[in-house]
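Here's the structure, in structure tokens; my notes come after.
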Amino acid sequence: MDAAQRKMLEETTRYDPAEVEGRVFGEWIEGGYFHPEAEGTPEENFSVAIPPPNVTGALHMGHALNGSMQDALVRMNRMRGKNTLWVLGTDHAGIATQAVVEKGLKAEGKSRHELGREQFVERVWEWKEEYGSRIVEQYKRLGASLDYERERFTLDEGYVKAVYRVFKQLYDKGYIYRDNYMVNWDPGSHSAISDLEVENREVEDTLYSIDYPVEGSDRVLTVATVRPETMLADTAVAVNPDDPRYADLVGQFCVLPLVGRRLPIIADEHVDPEFGTGALKVTPGHDINDFEIGRKHGLEEIGVIGPDGRLTEEAGEFAGMTAAEAGEAVVAALRAEGRLRAEEPYTHSVPFSHRSGERIEPLISLQWFCRMDELAQPAIAAVESDEVRIAPDQWKRVYLDWMREIRPWCVSRQLWWGHRIPVWYCDACEETIVAEQPPERCGACGGELRQEEDVLDTWFSSALWPFATLGWPDDTPELRAFYPTSFLTTAREILFLWVARMVMMGIEFPGAVPFRDVYVHSVIQARDGRRMSKSLGTGIDPLEEIDVHGADALRFGLLAMSSTQDVRFSDAKVEQGRDLANKLWNASRLILLNAAEVEPAPRPVRVEDRWLLSRLERTVSSVTAKLEAYDFAHAVQEAYAFFWRDLCDWYLEIAKPRLYDGEEEVSATLLYALERVLALLHPTMPFVTEEIWSFHPARRGHLAVHPFPAADESLYDEAAEADVEGGIDLTQRLRAWRDLAAVPAASVLAARVEGVDPPEFVARLSRFELGPDGGDPVASIGPVRVLPSEQLDAATVAERLERRREELRSEVERAERKLGNEGFVAKAPAEVVEEERGKLERYRAELAELA
RNA sequence: GGGCGCGUAGCUCAGUGGGAGAGCGCUCGCUUCACACGCGAGAGGUCGCUGGUUCGAAACCAGCCGUGCCCACCA
């Protein structure tokens, strides 16, 4: 430390994150610490793939929490000397990004259709180049030690190669196929979406009962629906095969009101005879259940609602209306014909698009699907056998339950931004070609080819993330050194959408599970307990928190509030982190400005030194174990407690005089403890610890690559711990006694000791002067006999004494009652009974002293 | 309909069988030569309810009440 540094330390009484963070981050980058060579094996290396944020995204609390957790483990392992890679990249986010750019076009009065596909995609790329790095810059603010030199994008050249390879191979295996099937149509994004992107919400609707006349009879079948417009596409009426009311009608026909179509009356177990009249209108074109019934019975599939959400030509007079308008018109027409039997309010769950928020329109369309059942088998086995461990425990079962009932995945999207499906059609001979490279002409007839218009679901490419980012399908040094990755931390909402699919693809393609550990973290809710969301306006911006309190404060706060259950965002925890950073700074100033010039080393000479070192090493051990077990909240809070209580409140106060005296032993011990505390906290609070480290005499390089401490168990010292904890307890009792006796804080009281001498610091920190004699004590606190003096008011002291006696009497009574219980003495473990007897003795003894 | 979770101090949360904890807030006292983002001392909980298991339950079991999330094709 040179003179300028010393001056700066002396003058700066408050840690200023804004001044430090940018500078320190620059030093890390310059040092190249986050950019490892691709050497070694995955077993000896440490690697993590970041869940790729959307290019359109801004850093939100989920990123900040997840990033804090990953960075903690990444930094800890880097400090341990492991070759460590944290892979950075962004996701092209098909629908979201396309929507952002389309919105921009709309503001210019244009649409993507005017531009045409090629120009539009060009435009999205321009947008990406300009704004896509925003979130990357925001991760830097957090202090994330990602490899910024190996940034990937799900649409970069190499990544596209991986996607096409996977598509081709899955197609060749027969897993990927094209089918005319019912899908979740999202009128908002004008695309099919997968089951996982659908969200069911409770909606109040009207349930309409409609009479369908039976052909050649007076009878009617009354059916019920919440979507009257779909009746235009009905192609049957179904009843339960065991329903005696309708047994005679099966095989006959109804006549569809308004349309006149003949509807066969069929029997199917799906129909619940208890619901309504027990007769079900069957609309295979617009209802997922009816679709299945229809396929089973070979019914006609009519579509009356088009991809734009409007009624098609099939709907006759209703063509062109929106579904909602058509619903009303149909009801009016039915009422006019006297077919409407009833309408009643009805609450049920309805699918909405998670992407656009619009109500899903189930309809039949030609899409690409991927069969998942066979891919799922080894991915199930991997988790069953704990080759991939999922924590907390309950998510393992959630994963397995879902995987065991996995269904085909609709992978095509009617968008322009994304991986255009690598399929080419020949119109001349109807050949379909799937290829990784665009073929010139049709291999069969030499005819012209046109490429499939659809793109792949964004999650199709995300599923390849852990290996595609490392260069797969090429055999790259990165892939050899860093795959499989070490662990994954994630939000539970993408357990199926992303995690499960990565496991399947990892096993199928590179041939190994993509990570060993999956940690599902909790969700940080808004302060009022609602979900943090942009649309609700409940989001809390992590960058603002960083601006106000610093990145370390936010990181500490998020880790401290994280848990296995969902928690509300806590400003107090972030402030606790801020206070800790400041306390670290100031305690370090005390040590660094006053320590003698010595090598940091444990050099205990007194009991409190041995106590401090013992506590330090136990904390190192415990905090490390908790980090490794993903127990971030307890890890940081334990480190906090050790530093604040043991080191600052007690040890520094006890050791100050020796430090000011320039004693070498205490200086060496404190420099040693400081070094270890800084290193221990660096993974969670990297900026402030790195900054303080720059003043430490033992510094040879950055803390980011300083060895992470391993507990030195030879310094554990139970006897010293017991002595000092006893001294602390006594000090607190003496202080409390003074406070209650209303003694001015600054005055020193006379006392003497009877029995065992407490540690030296007790009298000093509680402001007692211990002397050899002194007459009759006015009070006894442990071995301390307080002697009469002018500052003591007899009445107050007596009151205080009586209070203590009361406490002791009730303690004695409690212990006696417990020991008087025969069951307890007979059945409780011996050491528990012994402990209780010990307590009773001590309380009795103290009570006797006070009597 | 099925599954998972939660209900502990005014607030946010720890605590899984042997005497109720943390941070914040609150009260009182400190310009104590690292830090007022500080120091010292306090007040404040029939651990949702009922029953059970146990010598002993905040913790284990059952039921109930309240609350949150996930999955699922009841028109």
Side-chain angles (χ1 to χ4, degrees), chain A residues 9-10 13-15 182 195 200 207 223-227 230 238 270-272 274-283 287-293 346 348-349 351 362 392 394-395 397-398 401-402 405 492-493 495-496 523 525 527 529 531 549 553 557 560-561 563-573 575-594 633-634 637 640-641 648-649 652-653 656 659-660 731-732 735-740 742 744-746 765-767 811 814-815 818 821-829 831-833 835-836 839:
Chain A
L9 263 193
E10 277 167 357
T13 60
R14 206 145 153 168
Y15 173 67
M182 174 137 298
D195 295 335
N200 290 297
L207 185 67
V223 298
T225 182
V226 289
R227 303 206 50 199
T230 63
H270 171 78
V271 181
D272 175 8
E274 305 291 319
F275 188 93
T277 61
L280 170 72
K281 66 188 271 297
V282 183
T283 321
D287 183 280
I288 181 71
N289 298 310
D290 295 6
F291 174 78
E292 274 161 28
I293 295 172
Y346 188 67
H348 63 146
S349 80
Q394 68 258 33
W395 301 108
R397 229 188 84 195
V398 173
D401 285 350
W402 184 76
E405 286 181 38
R492 60 169 165 268
E493 63 186 18
L495 190 61
F496 308 142
V523 175
Q525 301 165 332
R527 288 177 256 255
R531 177 177 284 273
H549 298 122
M561 73 183 88
S563 158
T564 55
Q565 66 164 312
D566 294 351
V567 288
R568 298 177 184 208
F569 184 82
S570 163
D571 296 288
K573 285 285 193 294
E575 282 161 18
Q576 192 183 348
R578 176 203 59 189
D579 295 348
L580 175 58
N582 190 243
K583 189 83 168 173
L584 277 165
W585 175 254
N586 280 296
S588 301
R589 287 174 60 227
L590 174 68
I591 296 168
L592 295 169
L593 289 171
N594 293 287
H634 292 108
Q637 297 196 81
Y640 173 94
C648 293
D649 287 350
L652 285 179
E653 292 306 325
K656 258 181 196 173
L659 186 62
Y660 289 141
T731 305
Q732 291 182 310
R735 284 169 173 172
W737 185 88
R738 286 177 58 113
D739 215 56
L740 280 159
L765 295 189
S766 55
R767 291 179 184 252
E811 290 295 352
R814 189 197 57 78
K818 201 160 184 178
N821 179 339
E822 281 175 33
F824 175 73
V825 178
K827 297 190 180 177
E831 66 266 24
V832 176
V833 178
E835 198 183 334
E836 203 58 40
K839 286 178 196 166

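Residue numbering restarts at 1 for every chain, and letters A, B, ... go by the order of the sequence lines. Predicted model only: the values in this text are computed from it and were never measured.
Look at the P atom in both G48(B) and A59(B): the space between them is 8 Å, to the nearest Å. Comparing the C1' positions of C55(B) and U46(B) gives an interatomic distance of 22 Å, to the nearest angstrom. G63(B) and C28(B) have their C1' atoms separated by 48 Å, given to the nearest Å. Taking the P atoms as reference points, G15(B) lies 14 Å from G5(B), given to the whole Å. Annotation: A57(B) and G51(B) have their P atoms spaced 14 Å apart (nearest Å). U50(B) and C39(B): their C1' atoms are spaced 48 Å apart (whole Å). Here, G7(B) and C61(B) have their P atoms 14 Å apart, quoted to the whole Å. With both ends at atom P, the span from G21(B) to G44(B) equals 14 Å, rounded to whole Å.
Between the CH2 atom of W395(A) and the P atom of C69(B) there is a distance of 12 Å, rounded to whole Å. The CD atom of E836(A) sits 8 Å away from the C1' atom of G18(B) (whole-angstrom rounding). Distance R735(A) CZ to C28(B) C1': 16 Å, rounded to the nearest Å. At whole-Å resolution of the value, CG in L592(A) and C1' in C35(B) are 14 Å apart. Regarding H270(A), its NE2 atom lies at a distance of 11 Å from the P atom of C73(B), rounded to whole Å. Rounded to whole Å, the distance from CZ on F569(A) to C1' on G23(B) is 14 Å. In this structure, Y640(A) places its OH atom 18 Å from P of G21(B), rounding to the nearest Å.
Here CG of D290(A) is found 5.5 Å from CG of L280(A). Values are rounded to the nearest 0.5 Å. W402(A) contributes atom CH2, which lies 8.5 Å from atom CG of L495(A) (distance to the nearest 0.5 angstrom). Rounded to the nearest 0.5 angstrom, L590(A) CG and W585(A) CH2 are separated by 13.5 Å.
If you check every strand for non-hydrogen atoms under 4.0 Å, K281(A) touches nothing. If you check every strand for non-hydrogen atoms under 4.0 Å, P362(A) touches nothing. Nucleic acid contact for V271(A): base, since at least one base atom lies under 4.0 Å from a heavy atom of the residue. Across all strands, R578(A) comes closer than 4.0 Å to base atoms (heavy-atom distances). When heavy atoms are screened at a 4.0 angstrom cut-off, D272(A) is found touching base atoms of the nucleic acid. Residue Q637(A) is out of contact with every strand shown, counting any heavy-atom pair closer than 4.0 Å. Contact annotation for R227(A): no contact, since no heavy-atom pair falls under 4.0 Å across all strands. Using a 4.0 Å heavy-atom criterion, one finds that I288(A) contacts the sugar-phosphate atoms exclusively. At the heavy-atom level, S588(A) lies nowhere under 4.0 Å from the strands shown. D401(A) comes within 4.0 angstrom of no nucleic acid atom, judged by non-hydrogen atoms across all strands.
Counting only heavy atoms from C-beta on, Q576(A) has its side chain closest to G23(B) among G23(B), C69(B), G40(B). Checked against C13(B), G23(B), G15(B), the side chain of H634(A) finds its nearest nucleotide in G15(B). Among the nucleotides C70(B), U32(B), C6(B), the one closest to any side-chain atom of R767(A) is U32(B). Side-chain atoms of N582(A) lie closest to C35(B) of the nucleotides C6(B), G40(B), C35(B). Relative to the side chain of Q565(A), the nucleotides G40(B), U12(B), C6(B) differ in distance, and C6(B) lies closest. In the set A14(B), C55(B), C69(B), the nucleotide with an atom closest to the side chain of F824(A) is C55(B). Checking U12(B), G3(B), C35(B) against every side-chain atom of R589(A), the shortest atom distance belongs to C35(B). For Q394(A), the listed nucleotide lying nearest its side chain is G5(B); candidates were C70(B), A41(B), G5(B). Comparing C39(B), A14(B), A41(B) by their nearest atom to the side chain of A736(A) picks out A41(B). Ranking G23(B), G40(B), G18(B) by closeness to the A828(A) side chain, first place goes to G18(B).
Each of T731(A) and E274(A) was assigned the nucleotide of RNA chain B with the nearest heavy atom; the assignment lying further toward the 5' end belongs to T731(A). Between V832(A) and L580(A), the residue anchored nearer the 5' end of RNA chain B, judged by the nucleotide with its closest heavy atom, is V832(A).
Across all strands shown, G29(B) forms a Watson-Crick or G-U wobble pair, both distances under 3.5 Å, with C39(B). With a cut-off of 3.5 Å on both Watson-Crick or G-U wobble distances, the partner of G68(B) is given as C4(B). In this structure, A58(B) forms no base pair with any nucleotide, since neither Watson-Crick nor G-U wobble geometry is met with both distances under 3.5 Å. The partner of C24(B), taking Watson-Crick or G-U wobble pairs whose two distances both stay under 3.5 Å, is G10(B). Nucleotide G63(B) forms a Watson-Crick or G-U wobble pair with C49(B), both donor-acceptor distances falling under 3.5 Å.
Crowding of E10(A) atom CD: a count of heavy atoms from other residues, nucleotides or ligands under 6.0 Å exceeding 12. Other residues, nucleotides and ligands contribute over 12 non-hydrogen atoms within 6.0 Å of the CD atom of E653(A).
Contact annotation: the side chain of K573(A) approaches that of Q637(A) to within less than 4.5 Å [non-hydrogen atoms, C-beta and beyond]. A heavy-atom distance below 4.5 Å is found between the side chains of H549(A) and E575(A).
A salt bridge does not link K281(A) with D287(A): none of the charged nitrogens is closer than 4.0 Å to a carboxylate oxygen.
For A14(B), the OP1/OP2 oxygens have a side-chain nitrogen or oxygen of S563(A) closer than 4.0 Å. Note on Q732(A): every side-chain N or O is 4.0 Å or more away from OP1 and OP2 of G42(B). Here K583(A) reaches the OP1 or OP2 of C39(B): one of its side-chain N or O atoms lies under 4.0 Å away.
Between the side chain of R527(A) and the backbone N or O of R568(A) there is no donor-acceptor pair closer than 3.5 Å.
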